[in-house]
Protein chains: 2
Amino acid sequence: MTEEDKQTEEKIFESATEVFVEKGMDGARMQDIANRAGINKSLLHYYYRTKDHLFNAVFEMIAGQMFKKFAPVLDENLPLEEKIRFFFREHIAFMQKNPRLPSFILNELHRNPERIRKLIQNIDINKLWTTIEAQHKEELKRYNITKENIPQFMTTVAGMSVFPFVARPVIASIMEKMGYDFDNYLEERKEYAADFVINALKKQEASNKM
Amino acid sequence: MTEEDKQTEEKIFESATEVFVEKGMDGARMQDIANRAGINKSLLHYYYRTKDHLFNAVFEMIAGQMFKKFAPVLDENLPLEEKIRFFFREHIAFMQKNPRLPSFILNELHRNPERIRKLIQNIDINKLWTTIEAQHKEELKRYNITKENIPQFMTTVAGMSVFPFVARPVIASIMEKMGYDFDNYLEERKEYAADFVINALKKQEASNKM
DNA sequence: GTCTATAGAAGGATAGAC
DNA sequence: GTCTATCCTTCTATAGAC
């Protein structure tokens with residue numbers, strides 16, 4: 001299917017996604033979306049009624065995409081160490097293809113925290129923890145990961161993956177001045193992050209034994 | 001000095017800071033700033049000419065504040081391990097008092113990446129690295145921190161500190177559902193992050209010896 | 001310096017022809 | 001379904017009185 005053949009509604013949705021992700025809800029302009037879609041402004045309202053509706057459609061699609069990327073980590077039947085490597089490889093690869101998504105999502109959640117609360121309402125966190133515990137009982141004990149400190153651990157892992165994209169302007173500028181390449185940095189990060197986390201866990205393990 | 005006694009320009013600047021940090025450049029309204037300052041909209045233009053000027057003044061102050069917080073880490077005459085502890089303690093404490101600053105800064109840098117490039121132009125990164133190297137020559141060698149992988153290490157450390165504030169809506173919602181307290185999580189993070197990083201380094205050290 | 005009034009432009013949304 | 005024309009509101013910015 002070529003660009004020309006795309007149905008109008010689909011084309012609008014794609015253009016809207018581009019503009020909203022780039023500029024955010026407040027910075028996005030309906031005119032800009034219409035121009036990119038190659039149609040008239042009023043058609044936007046015909047299909048999506050208001051800017052708010054259009055934004056919500058886009059946001060829900062993107063947030064869904066993002067959360068889906070976390071799911072396989074729980075399903076895969078791998079040792080914890082391999083899961084960590086798998087996560088960084090896949091998650092960073094996804095964001096390399098969609099580098100603006102993390103900032104966009106986190107930012108819009110600041111503007112409207114209710115949105116995330118509703119999403120999380122539907123998740124059974126206790127069940128999630130039970131699943132993890134069942135899959136990795138011994139490893140969790142060995143590495144001293146408990147239900148109490150799992151937020152610390154999870155946010156550490158997530159942060160190592162996401163932070164480079166959120167702070168990209170800063171990091172890229174510094175690296176440019178050092179003569180290094182940001183894309184190369186991202187590529188290396190998949191392994192560096194996994195090694196770093198696993199090292200921290202293993203040292204923890206060594207301390208436990210004493 | 002009470003709220004009433006404050007000079008107009010100062011009051012405007014403070015109100016503008018509040019509104020810009022909360023809503024971002026695109027979401028901020030001059031009317032909102034004027035209301036908080038308890039003055040008329042046109043006075044904003046009298047003192048700062050345009051919204052852009054006012055925003056720049058606010059942003060530069062805030063970015064300066066943020067960068068100043070990193071400086072002591074280089075000055076303090078402490079072993080690397082203690083510096084890492086010092087950094088997390090101080091940096092997280094600062095953000096606890098100003099929880100919206102990280103998102104605000106990073107976000108506005110996405111909107112205008114030139115801003116950060118100019119700031120970094122003025123920094124002599126090679127000199128910075130020489131300073132660090134001189135202070136911690138043996139430790140860097142021991143922990144296998146090189147000029148080549150220092151971006152990986154620095155962004156890991158920065159991310160562990162900053163990410164909780166950038167992803168606050170997500171993290172806080174999940175923790176709320178788990179019955180945990182986000183503020184307590186932040187308090188604990190100062191030590192958890194330091195331990196985590198130091199453990200990773202020490203494990204690296206152990207591997208080096210083999 | 002501070003206010004009122006208003007200009008001038010932009011943006012979201014709708015009416016109505018085709 | 002798609003377009004043109006236009007309404008209405010909001011927002012930045014300025015003019016001018018005090």
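To find a chain, count down the sequence lines: A is the first, B the second, and so on, and within it residues start at 1.
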Hey, does B/Ala34 reach any base, or is it just sugar-phosphate, or nothing, if we go heavy atoms under 4.0 Å?
-> nothing
Kindly point out which of D/dG1, D/dC3, C/dT4 is positioned nearest to the side chain of A/Tyr47?
-> D/dG1
So, is B/Arg29 near the phosphate of D/dT12, with a side-chain N or O under 4.0 Å from OP1 or OP2?
-> yes
Looking only at atom types and distance, does a side-chain atom of A/Lys190 sit under 3.5 Å from a main-chain N or O of A/Ile92, one as donor and one as acceptor?
-> no
For atom NZ of A/Lys41 and atom P of C/dG11, their distance in whole Å | 8 Å
Gap between atoms CZ and P, on B/Phe20 and D/dT12 respectively (whole Å) | 9 Å
So, does the side chain of A/Thr8 form a donor-acceptor pair with the base of D/dT2 at under 3.5 Å?
-> no
Can a side chain N or O of B/Tyr46 be found less than 4.0 Å away from OP1 or OP2 on D/dA13?
-> no
Under the side-chain hydrogen bond (donor to acceptor under 3.5 Å, both in side chains) rule, what do A/His53 and A/Thr50 come out as? Steps first, then yes or no, please.
-> CA-CA 5 Å; A/His53 279 63; A/Thr50 65; 2.7 Å; yes
Round to a whole Å and report the spacing from CD1 of B/Ile12 to C1' of C/dG1.
-> 10 Å
Expected output: side-chain A/Gln152 to main-chain B/Tyr185 donor-acceptor under 3.5 Å | yes
Just checking B/Ser42: base, sugar-phosphate only, or nothing, at a heavy-atom cut-off of under 4.0 Å?
-> base
Is a side-chain donor or acceptor of B/Asn40 paired with a backbone partner of B/Asn35 at a separation under 3.5 angstrom?
-> no
A/Tyr143/A/His136 aromatic ring centres below 6.0 Å | no
Between D/dT12, D/dC3, C/dG1, which nucleotide has the shortest distance from any of its atoms to the side chain of B/Leu43?
-> C/dG1
Rounded interatomic separation in angstrom, taking NE2 from B/His45 and P from C/dC3 = 15 Å
Can you tell me the distance, in whole Å, between the CG atom of A/Asp26 and the P atom of C/dG11?
-> 13 Å
Rounded to whole angstrom units, what separation is found between the CG atom of B/Asn35 and the P atom of C/dC3?
-> 12 Å
Separation of D/dA17 atom C1' from B/Asn40 atom CG, nearest Å, is 13 Å
For B/Gln7 and C/dT2, what is the distance between atoms CD and P respectively, to the nearest whole Å?
-> 8 Å
